[in-house]
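Note sheet for the following structure.
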Amino acid sequence: MSQTPDRHAGDSDRPGAAAPEPAIVAVPTYNERDNIEATVQAALAGCDRCDLLIVDDSSPDGTGDLADALAAAHPRVHVLHRTEKQGLGAAYLAAFAWAAERGYRTVVEMDADGSHDPADLPRLLDALAAGADLAIGSRYVPGGSVRNWPAHRLALSRGAGIYTRAMLGLRVQDVTAGYRAYRLDALQKLRLDTVDSVGYCFQIDLTWRAVKNGLDIREVPIVFTERRAGASKMSGAITVEALWNVTRWGLAHRTRRLRRAFGRGRIEP
Ligand SMILES: Nc1nc2c(ncn2[C@@H]2O[C@H](COP(=O)(O)OP(=O)(O)OP(=O)(O)O)[C@@H](O)[C@H]2O)c(=O)[nH]1
Ligand SMILES: [Mg+2]
C-alpha cells in the first residue's frame, strides 16, 4: 500500500491544527466498468481525507483491470481483488478487515454505480466526528429522497423497510441503506465473524447488530439516484434472503422478550 492512514497528520491549512485522519471508502464492484472511474474521480475530488478501496469480485467486464489502472494513477486508490462473486456482504467484510489491518479507524460503504453521491462523504464523516458510531445516508428522513427509481423498485424498498422496522422494532428509517460510515472500533463490537448475510440483508443485519449493541446511530439525509449505467445485481434470491432472515430474527427477538417477561412475571411494555 502506498499511503498510510496518518499521512494527514499535521497537514492542515491552519498551522498547529491537526487535520482529520484518513477514512477508507470501500466500493464493492461487480461489472461496473462504465461507472467506476467517474465514482472514483468524484470521491477523490469531493473528500480530501478519503482513501478508496475498490473490492472487485473478478468482474468479467474487466472492472478489476480498470481499478488497477486507477490505483496506479492515484496513490489514494487501492484495489482488493477477490477470486469469485461472493456477494456484497463478503466484499464488505473483506474491506473491513483490510482497513483494520492498515490502521484506519473509519470506514465508509459506497456503491460504485453513481447512486451514492460522493459529495455527501464529508457529511457522513461529520456525523461520526459529532459522536455517531454509525452514520447512515438515509433516503427516508426529511431532506432525503430517491430519484429516477421505477415505482415497483421504490415500493420494494419501502415495503422491506416497513416490514423490517415492524419485525425488529427499529426506529432507523432507512434500514437497507447502503451508504454508511462506521467507526471501526464500534464495528468490531458486532461479532463480524458470525455475519453470513450475502446481499442487501447485510445492511439490515449490521443495523440490527448495531442497535442491539447500543451503538450511536444517526441518519444523514441523502438523495439516492438510480444507477447511471450497467445492470443491477438485485435478485429474487437477495430479496428472499432478507425476508427470511428478518422474519426469523424478529421471531427470535419476540420470543426472547416473552421469555424475559414471563421470567419476571410481567409483560414488558
Ligand atoms: N464485489 C462485489 N460487489 C458487488 C456484488 N454485488 C453487487 N456489488 C456491488 O455493490 C453495489 C450495489 O449493487 P447494485 O447492483 O447497484 O445493487 P442495488 O443498488 O441494490 O440495485 P439497484 O438499485 O437496482 O442498482 C455496486 O457497486 C455493485 O457493483 C458482489 O457480489 N461482489
Ligand atoms: Mg445500485
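We count ligands from 1, going down the list as the structure has it; atoms in each ligand are counted the same way. Heads up: numbering here begins at 1 and tracks the sequence.
- Protein heavy atom closest to atom 14 (P) of ligand 1, with residue, atom name and distance, is R227 NH2, 3.4 Å.
- For a threshold of 3.5 Å applied to N or O pairs, the pair formed by A231 and ligand 1 contains no separation below that value.
- A distance of 3.5 Å separates CZ in R209 from OG1 in T194, rounded to the nearest 0.5 Å.
- Residue contacts with ligand 1, taken as heavy atom pairs separated by less than 4.0 Å, do not involve R82 at all.
- T225 and N148 form no side-chain donor-acceptor contact under 3.5 Å, judged by distance and modelled atom types alone.
- When heavy-atom distances to ligand 1 are checked against a 4.0 Å cut-off, E32 comes that close only through its side chain, counted from C-beta outward.
- Inclusion of A112 in the set of residues having an N or O under 3.5 Å from an N or O of ligand 1 is warranted.
- Nearest protein heavy-atom neighbour of atom 8 (N) of ligand 1: L88 CD1, 4.0 Å.
- A continuous path of hydrophobic side-chain contacts links V246 to I238 [ILVMFWY only; heavy atoms under 4.5 Å].
- Look at G87 and you'll find a heavy atom under 4.0 Å from some atom of ligand 1.
- Among all protein heavy atoms, the one lying closest to atom 27 (O) of ligand 1 is P28 O, 2.8 Å.
- Protein heavy atom nearest atom 24 (O) of ligand 1, with residue, atom name and distance: S232 OG, 2.6 Å.
- The protein atom (non-hydrogen) at minimum distance from atom 6 (N) of ligand 1 is K85 NZ, 3.4 Å.
- With 3.5 Å as the limit, one finds no donor-acceptor pair spanning the side chains of R218 and S138.
- In summary, an N, O or S atom of D113 is located under 2.8 Å from the Mg ion (ligand 2).
- Looking from atom 23 (O) of ligand 1 to the surrounding protein, the closest heavy atom is R153 NH2, 3.3 Å.
- Within the cation-pi definition used here (under 6.0 Å to the ring centroid, within 45° of the axis), K85 qualifies as a partner of Y30.
- A donor atom on one side chain and an acceptor atom on the other are not found under 3.5 Å apart for R165 and T207.
- Nearest to atom 12 (C) of ligand 1 by heavy atom, out of Y92, Y200, Y179, is Y200.
- Here the heavy atom of the protein found nearest to atom 16 (O) of ligand 1 is D113 OD2, 2.6 Å.
- Under the 30°/60° scheme for interplanar angles, the aromatic rings of Y92 and F202 are found to lie parallel.
- For ligand 1 and A91, the ligand atoms under 4.0 Å from any heavy atom of the residue are 1 (N).
- Ion pairing between a basic and an acidic side chain is recognised when a charged N comes within 4.0 Å of a carboxylate O; E219 and R171 show no such pairing.
- No donor-acceptor distance shorter than 3.5 angstrom exists from the side chain of T106 to the backbone of R183, with no hydrogens or angles considered.
- Remark: minimum distance from atom 11 (C) of ligand 1 to any protein heavy atom is reached at D111 OD1, 3.5 Å.
- Polar contact with ligand 1: absent for D56 (N/O pair, distance under 3.5 Å).
- Which parts of ligand 1 touch W149 is read off a 4.0 Å heavy-atom cut-off, strictly below it: atoms 23 (O).
- The hydrophobic clustering, which links ILVMFWY residues whose side-chain heavy atoms are closer than 4.5 Å, places M167 and I162 apart.
- A parallel orientation is assigned to the rings of H116 and Y179, their planes being inclined by less than 30° (bins at 30° and 60°).
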